[in-house]
Amino acid sequence: MCLNAAMSSWVPALLTWFAKDPRAMPWRNRPAPYPVWVSEIMLQQTQVATVIPYFKRFMRRFPTVRALAVAPLRDVLKAWQGLGYYARARNLHAAARQLVHGSNGRLPKSYENLLQIPGIGAYTAAAIASIAFGEPVPAVDGNVMRVCSRLWGLTTPIQSGRAKAALFQRLSPLVPPGNASAFNQALMELGARVCKPTHPACAACPLRRTCFAFRHQRTGEFPVKTPRKRPPHYRVAVALIWKGDRVLIAQRRSHQMLGGLWEFPGGKPLSGEPLRKTVLREALEETGLRIRVQAPYGTVRHAYSHFHVTLTAFRCQYLSGRPRAHAAQRVQWVTLDQARHYPLPRATEKIIAMVEKM
Ligand code: SF4
């Protein structure tokens with residue numbers, strides 16, 4: 001028996017399992033290129049259950065590539081608000097514009113050409129190429145890496161680019177031509193529903209006969225991972241600068257993390273700097289305004305993927321100066337009610353909720 005045939009004896013079992021009970025997902029109802037593309041971008045780093053309502057709203061608001069391309073970025077970011085990783089929304093919007101100008105709004109059909117589109121990496125290109133166009137190319141995401149790591153007893157740490165590239169090579173000849181979409185979705189779904197990070201449900205798994213980790217009772221040892229460093233924690237001082245009933249918000253520059261979103265001015269303290277002084281300094285540096293710092297409203301915490309923050313929000317009174325966008329794209333005086341209509345980072349939403357309760 002050739003090596004591929006021996007390795008692939010589990011593929012029919014996987015496909016049969018998937019065909020019996022696939023999870024209902026709105027993008028599976030019509031696996032056309034655009035909805036598949038939107039869903040795959042949303043699913044990066046995000047659970048299916050979280051994505052579904054966002055996907056439905058997004059498709060209602062931007063039903064075609066063209067509708068997305070002509071929409072202002074602000075509307076796209078607002079529709080994305082709460083999903084996080086906003087570069088995904090900015091890239092999706094930029095790519096839609098590129099496609100409308102260059103190819104009449106149509107996505108390229110091949111894995112290689114999809115890789116040229118902003119925001120589409122190896123996994124997303126493979127998912128779109130296989131699900132929307134049937135190209136037999138493996139889509140290697142975190143779920144697939146975990147399943148394969150246990151199935152084959154892989155000892156290379158799965159976070160490494162080397163492990164991902166090796167898995168892509170190893171899976172490529174196993175993708176059944178004509179059934180690439182089901183193969184990729186089945187493997188991802190098996191990881192999400194059965195071969196979970198902790199306590200895999202091996203008794204219900206269609207791969208258990210061939211699975212290395214199960215047969216050797218070593219499921220807890222795979223996937224092998226290099227230990228992650230604890231994410232750093234930062235303190236941030238935030239200024240709610242009031243002028244009458246309006247407060248100043250600033251739009252982050254597009255190349256920054258959370259680019260295009262609006263927030264209150266603020267920043268990290270310099271070494272040994274009290275937070276009240278940070279607020280004064282940041283307000284002047286970011287907006288050119290002189291302010292009086294009053295009592296703090298309180299603190300909110302927020303965890304990003306690579307760091308955590310504790311934000312202390314201060315009530316501040318405008319004294320003088322014309323607001324300028326020194327460190328931001330734009331600044332704007334708004335009521336708190338109006339602020340809610342702007343695309344906001346989750347941490348800013350938390351601050352507004354805290355202020356409104358007072
Ligand atoms: Fe994962 Fe268990 Fe299935 Fe192996 S048998 S792939 S460990 S769920």
Side-chain angles (χ1 to χ4, degrees), residues 1-25 28 39-40 43-52 121-124 126-127 129-131 136-228:
M1 189 187 288
C2 79
L3 189 59
N4 276 353
M7 284 196 300
S8 63
S9 59
W10 50 270
V11 174
L14 174 72
L15 293 172
T16 304
W17 170 82
F18 182 63
K20 269 189 203 152
D21 184 26
R23 275 188 297 181
M25 297 179 197
R28 283 185 176 163
S39 66
E40 289 300 339
L43 285 165
Q44 292 167 7
Q45 321 276 353
T46 314
Q47 303 276 335
V48 169
T50 307
V51 165
I52 286 176
Y123 161 75
T124 309
S130 60
I131 297 170
V137 60
V140 182
D141 72 347
N143 282 324
V144 172
M145 294 192 77
R146 183 171 61 256
V147 172
C148 292
S149 155
R150 289 170 174 161
L151 177 66
W152 290 326
L154 304 179
T155 51
T156 314
I158 59 163
Q159 301 104 315
S160 70
R162 198 158 60 88
K164 208 166 189 171
L167 208 50
F168 184 89
Q169 293 299 329
R170 193 164 174 177
L171 279 170
S172 289
L174 306 182
V175 183
N179 220 355
S181 170
F183 175 83
N184 280 334
Q185 292 190 71
L187 215 42
M188 288 188 256
E189 189 145 324
L190 189 77
R193 290 171 61 189
V194 179
C195 194
K196 295 181 180 184
T198 52
H199 310 301
C202 300
C205 180
L207 311 190
R208 64 186 180 281
R209 286 182 202 286
T210 39
C211 176
F212 175 90
F214 176 66
R215 285 190 292 118
H216 294 85
Q217 300 185 351
R218 293 173 57 191
T219 54
E221 294 174 39
F222 298 97
V224 174
K225 288 183 181 174
T226 43
R228 275 183 70 170

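FYI, the numbering just counts along the sequence from 1. All ligand and atom numbering here is 1-based and tracks the order in the structure.
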Could you confirm whether Cys205 has any N/O/S atom lying under 2.8 Å from atom 3 (Fe) of ligand 1?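 Yes.
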
Pair Gln44, Tyr123: side-chain N/O donor-acceptor within cut-off below 3.5 Å: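 There is no such pair between these side chains.
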
Cut-off 3.5 Å, side chains only: do Gln185 and Arg28 have a donor facing an acceptor?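 A pair is found: one side chain offers a donor N or O, the other an acceptor, under 3.5 Å apart.
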
Report the distance from atom CZ of Phe212 to atom CG of Leu154, rounding to the nearest 0.5 Å.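 Between atom CZ of Phe212 and atom CG of Leu154 there are 9.5 Å.
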
Numbering as shown, the atoms of ligand 1 that approach [X] to under 4.0 Å (heavy-atom distance):
X: Arg208; value: 5 (S)
X: Cys211; value: 4 (Fe), 5 (S), 6 (S), 7 (S)
X: Arg150; value: 7 (S)
X: Thr219; value: 7 (S)
X: Phe214; value: 5 (S)

Backbone of Leu43 reached by a side-chain donor or acceptor of Thr46 within 3.5 Å: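 A pair under 3.5 Å: no.
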
Is the backbone N or O of Arg208 less than 3.5 Å from a side-chain atom of Arg215, with the two atoms forming a donor-acceptor pair by type?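 Not at all, since once roles are kept as given, no pair shorter than 3.5 Å links the two residues.
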
Are any N, O or S atoms from Cys202 nearer to atom 4 (Fe) of ligand 1 than 2.8 Å?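 No, Cys202 does not qualify, because none of its backbone or side-chain N, O or S atoms lies under 2.8 Å.
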
When you measure from the heavy atoms of Leu151 to every atom of ligand 1, does any distance fall below 4.0 Å?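 Distance cut 4.0 Å: Leu151 fails for ligand 1.
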
What protein heavy atom sits nearest atom 1 (Fe) of ligand 1, and how far away is it?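 Nearest protein contact, heavy atoms only, for atom 1 (Fe) of ligand 1 is Cys195 SG, 2.4 Å.
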
Does Arg209, at its CZ atom, have more than 12 non-hydrogen atoms belonging to other residues, nucleotides or ligands within less than 6.0 Å?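 At most 12 heavy atoms, drawn from other residues, nucleotides or ligands, come within 6.0 Å of this atom.
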
Taking the six-membered ring of Trp152 as reference, does the cationic atom of Arg170 (NZ for Lys, CZ for Arg) lie under 6.0 Å from its centre and within 45° of its axis?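 Flagged: Arg170 positioned over aromatic ring of Trp152.
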
